[in-house]
Structures are given as C-alpha cells and as structure tokens.
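Any value given below was found using the heavy atoms of this structure, including those in side chains, with hydrogens, waters and symmetry copies removed. Naming convention: chains lettered A, B, ... in sequence-line order (proteins, then strands); numbering from 1 in each chain.
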Amino acid sequence: MAETKPNAARPTEASVRTRLAEAGLDVPDPCVTETLANLLVLQDHVATLRAFPLDPRSASALRFEA
Amino acid sequence: METQPPTAVTHAQAVRDGRVKAADLCRQALDHAEALGGDRSGFTRLLRRRAMLRAEAVDKLVEAGLDPGPLAGVPFGAADLFDVSGEITTAGSGTRHDAPFASRDATAIRLLEAAGAVLIGTQNMDEFGYGFVTMNAHFGTTRNPHDPTRVAGGAAGGSAVAVATQVVPFSLAFDTNGSLRVPAALCGVIGLKPTYGALPRGGCFPFVESLDVVGALARDLDDLALVYAILRDGASEREAGREPVRFGRLMSWFDDNIAEEMRAPLHAFWNRLGRITFELEHSEIARAAASVIIAAEGGSLHRPGIEQDPMAFEAPVRGRMLAGILLPSEDYLRAQRFRAWIQERLRRQFELCDVLFTPAAPGYAPTIADPVMLFGGEPIPARSHLGIYTQPISLMGLPALVLPLAGDFPMPLGIQLISAAGNEPVLFRAARELIDQGLCAVPGLPAR
C-alpha cells in the first residue's frame, strides 16, 4: 500500500531542470535556480499541509463560501 | 494642534452645497501628485484629461440643481489592476506593455464614479500582486511617506501612499494575501479587506481567484464605510448591533515573530481591551495552504507569458510561477479542501467574541536598502513574509480592517481587526470604538 511521506526528497537543480522539461518549459539557466529556491519553500508548505490528517471526503475541494 | 485634513465626506458635502468646485478639488489632487512624483505619491499614471472632464460634469450637475451623489467631486486613485477604459491595465508588469486597452471601467470604478467620485490615476503595486514591498523593477519603488528610506509595503503600496500623503482621501485596492492590509499598517492608514466574494471583481486583473478581494484604503473611517457601502451596490448587510464589542487577541501563530517595537504597544492595547485571548487553530496550515494555492493558480494564469518570455518577469515572480506550474495537482486540491474545511469550522469561532485582533505586520516598515525581517530569529526577505499575520485570514475568507495604533512612534504600527464572514458592520463599529477611546489614530506625516 502506498504511503504519503510528508518530507519528500528535496529537489535539486538537476531534478528541477528535468521537471521543467517534462512540463514543456524551456527556460534560461537563471530560472532554474529561482524555481528551485521557490520549490524548496513550497515543499515546506506542502509538508505542513500533508501532515494534517484531513479526510478527503470531509470537505470539497471545489466549493468555498466565506 | 494638528488640523485634520478634509475628508471625502466633507469634500463631497462642500461640492454638493456649491461651496467648492469639483474641478478645483481634482486639479489640486493632480497637481499634488505631480509635485510629489511617482515614488512618493504612489501614482504611476495620472489621468488628467479624463479626471477634469469628469469633475466638470459633476460641477454641471450641481449648477443644474441635481445631486451628483454622496462622493460628489471626491478624487480617488486605483491600483493598476482595475480596468480603466482606454488604458492598458498593467497589473504592475512590464510584460503587459503591449496588452490591449481596456474597453470599459472595472465595476468598482463605475460604482464609485456613479456616486460622484473622480478617478485621477492608477497606482503602483508589486508585479502581478506578488510581494509585500512595492519594489517594482518596471515601475519603480514606492517610498514610505513616514520615512522615504523605508518600503511602503505591498502589494498595493501605491494605493496606501496616495492616501497617507493626502493626495486623495481614499484609494481603491485589492487584497489577496494581505496586499492592502500590510501597506495600510506600514503607512499608517485604514484599510478594509472585505469578506471573500463580498464586492464585485468585474474588470480586475486576477491574481489568485480563490483569494482575491476588492477593498479600499482611507484616512478617515467614515470615508471608508461610505466607499464600502457604495461598492456593495445595495446588497443587504447584517445589522451592526448595539451591544459593546467583545474583543479578543489571537495568540500562538499571531504572537510569534512580533518585532520588538510592536510588542509593548500591542501589550498595552490588549491591556486596555481586557486581556482576553483566543486561539485560531490551524493558522499555520492555513498560511501553507494559501501559499500553495497562490503558487498553483499564479503559475497556471501566467504560463502563456512565462512560455513566451520568462525573463520579462521580475526574478522573484517568475521563480514562484514556475514552481507553481510544477506543483502536483493533488497538493493544490488538498489546499483547497483544507480551505473549505476550515471555513466550516470557523462558524463557531465568533460565538464568544465579536472581533479578534492581531498585529497587521510584525513591526516598522523595513528599509529599502535591506528589505528583510526576522522570522524564527533569522533574517528573511520581507517581500515574501511581511504578510505572516494576514495570510491565514485570507485563506479563511474572513473580513479584516487595519487601523494604526495611537502613539508617538517613529513609524506607524498597524492592528488587524477580524470578524466573522459577512460581519463588516461589527468591524466598523469596533474601529469607531477604538478611535473614540484614543487607542487608534491615523498619524500625521513628519514635517519636511
């Protein structure tokens, strides 16, 4: 059975370059570094979110009314 | 003794009574903005011809014995993401230099001008709303009017500065994650971020559709309440109530990372309000969810531009968008699911308290030369972190009103008041109480 790991492997410049290419994005080198820095921050946020045990059936992802 | 500047309400009354010409008010505002220059007025584009025509039309209505409306002849500005007919909506980005001209005014501008107000120009912001500093590579840095070596805050920094410098009595702005609340706090003006979905977004360039709201900034609370009522366009509203407002201070997330200069004034404020505390559970997760949603929606929205020419964007902006494009959809949906879940839980949050308060920003505005702040004891970029206390509230969709703390401080310090969704009337009532008690006040500008 698959298990969610809150702390996934940290991205690297090489992995970011690969993922950008897979997403169909051809960007200059400085963008890779900038993307990596932002992905590292996002990964922390994602880990915070994943650590919260919210049952997917307990709330809709497609409706919000304040 | 300091003389209070005229408010939008007093300006409009003078125009309606025929004591003041709207054209004169408009010309004065335009001249004031020009004299200050873009970096100190907050304006990036003045609409002199359009504004003067509009102001003269207001004067003609008065001369004909007709009523131009409750904002008769009052000049105002709008952040440059509201469509203005015949102009390019830049959203603070150089990538939009060749965008088509807007074919009509944004709904919010139409509502305000239908009430007699006169749009005089558009105001600076962080590129596409990404940032809390209004340091814009394409349109320049907007300076804090209390100390020009410091940032104005952002993303809607130009809108706050235009009000603080008294170029206009109010500005139309937006708030996605603190975009108007942070500059309100750092520039010492009053800012309202309404409940998500409360005000019309027609003709606004989107940033993050799940979080974007239209809001306003003013120096005077009654002006802000009037602008808010006009923007609601007759929509029904909750009764304000008459019982004393019950205040409570939010702790944990909202008590961490407070700068030294904010802690003692905040403590004194809390003492005067009865030392009641509450927790807003899961605020850190709410901030994380907001960050994920912003990255994903921003990345999707701007992917065509990134594909065309990534280097045309500011570096911090394109990096965030590219990271957002790479974010798995599952994480975005998880963030959205959390948003819906916490919104449901919040229904009970305000049973024991009407208005919760927090700092609106950690402390004084950081310097332009070194725009950093402390987070967890470490220096980090203010551009991405000044909204630590506003971000969770955005994710929850709650309304918030920022007020300057009263006191003889070197720079403004702002308090964020938060109420239940749809209960903006209690926010205005609370703000009035705090001003009347002398706990909050809009500071004057230092003498030049």
K.L.:
Which pair of heavy atoms, one from Leu327(B) and one from Leu42(A), lies closest together, and at what distance?
P.N.:
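Looking at all heavy atoms of both residues, the shortest contact is CD1-CD1, 4.0 Å.
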K.L.:
Of all of Glu284(B), Arg287(B), Arg303(B), which one pairs up most often with chain A through heavy atoms under 4.5 Å apart?
P.N.:
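The option with the most such pairs is Arg303(B).
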K.L.:
Would you mind checking which part of Ala23(A) comes under 4.5 Å of any heavy atom in chain B, side chain (CB onward), backbone (N, CA, C, O), both or neither?
P.N.:
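For Ala23(A), backbone and side chain are both near chain B.
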K.L.:
Using a 6.0 Å cut-off, check whether atom CZ of Arg348(B) has over 12 heavy atoms from anything other than its own residue.
P.N.:
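Not more than 12 within 6.0 Å, no.
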K.L.:
What distance do Arg337(B) atom CZ and Ser60(A) atom OG have between them, rounded to the nearest 0.5 Å?
P.N.:
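One gets 8.0 Å once the value is rounded to the nearest 0.5 Å.
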K.L.:
Rounded at 0.5 Å granularity, tell me how far CD in Glu330(B) sits from CG in Leu49(A).
P.N.:
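It comes to 9.5 Å.
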K.L.:
Using non-hydrogen atoms and a 4.5 Å limit, figure out which bit of Ala315(B) sits close to chain A: side chain, backbone, both or neither.
P.N.:
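Its backbone and side chain both get close to chain A.
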K.L.:
Which answer fits Leu40(A), side chain, backbone, both or neither, if we ask what part of it has an atom under 4.5 Å from a heavy atom of chain B?
P.N.:
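Neither part; nothing is under 4.5 Å.
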K.L.:
Identify the heavy atoms of Ala323(B) and Thr35(A) that sit nearest to each other, and give their distance.
P.N.:
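In terms of heavy atoms, the two residues are closest at N-CG2, 3.7 Å.
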K.L.:
Is it true that, when you exclude Asp309(B) itself, more than 12 heavy atoms of the residues, nucleotides or ligands shown sit nearer than 6.0 Å to its CG?
P.N.:
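More than 12 heavy atoms, drawn from other residues, nucleotides or ligands, come within 6.0 Å of this atom.
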K.L.:
Search all heavy atoms of Pro316(B) against all heavy atoms of Asn38(A) and return the closest pair with its distance.
P.N.:
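That would be O-ND2, 4.3 Å.
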K.L.:
Which bit of Leu54(A) comes within less than 4.5 Å of chain B, counting heavy atoms only: side chain, backbone, both or neither?
P.N.:
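Only the side chain of Leu54(A) comes within 4.5 Å of chain B.
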K.L.:
Measure the spacing between CD1 of Ile285(B) and CZ of Arg50(A) and express it to the nearest 0.5 Å.
P.N.:
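Here the rounded value is 14.5 Å.
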K.L.:
Under the 3.5 angstrom rule, does the side chain of Arg19(A) hit a backbone N or O of Leu326(B) as a donor-acceptor pair?
P.N.:
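At least one qualifying donor-acceptor pair exists.
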K.L.:
So for Pro11(A), is it side chain, backbone, both, or neither that comes closer than 4.5 Å to the heavy atoms of chain B?
P.N.:
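The answer is neither part of Pro11(A).
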K.L.:
Please classify the contact of Leu333(B) with chain A as side chain, backbone, both or neither, using a heavy-atom distance under 4.5 Å.
P.N.:
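Looking at Leu333(B), backbone and side chain both touch chain A.
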K.L.:
Tell me, side chain or backbone of Thr195(B) under 4.5 Å from chain A's heavy atoms, or both, or neither?
P.N.:
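Only the side chain of Thr195(B) comes within 4.5 Å of chain A.
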K.L.:
Looking at Glu307(B), His282(B), Met396(B), which one has more heavy-atom pairs under 4.5 Å with chain A than the rest?
P.N.:
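When all of Glu307(B), His282(B), Met396(B) are compared, His282(B) has the most.
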K.L.:
Side chain, backbone, both or neither: which part of Ile294(B) has a heavy atom under 4.5 Å from chain A?
P.N.:
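Nothing of Ile294(B), per the 4.5 Å heavy-atom cut-off to chain A.
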K.L.:
To the nearest 0.5 Å, what is the distance between CD (Glu344(B)) and OG (Ser58(A))?
P.N.:
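Rounded to the nearest 0.5 Å, the CD-OG separation comes out at 10.5 Å.
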K.L.:
Output the distance between atom CG (Leu25(A)) and atom CE (Met321(B)), rounded to the nearest 0.5 Å.
P.N.:
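It comes to 13.0 Å.
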K.L.:
Might you confirm whether atom CZ of Arg57(A) has over 12 heavy atoms from other residues, nucleotides or ligands at distances under 6.0 Å?
P.N.:
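Check fails, neighbour count at 12 or below.
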K.L.:
Heavy-atom count check: over 12 atoms from other residues, nucleotides or ligands less than 6.0 Å from Glu209(B) CD?
P.N.:
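For Glu209(B), atom CD is not crowded (no more than 12 foreign heavy atoms under 6.0 Å).
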K.L.:
Rounded to the nearest 0.5 Å, what's the gap from CD on Glu34(A) to CZ on Arg320(B)? Could you check?
P.N.:
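So the CD of Glu34(A) and the CZ of Arg320(B) are separated by 14.0 Å.
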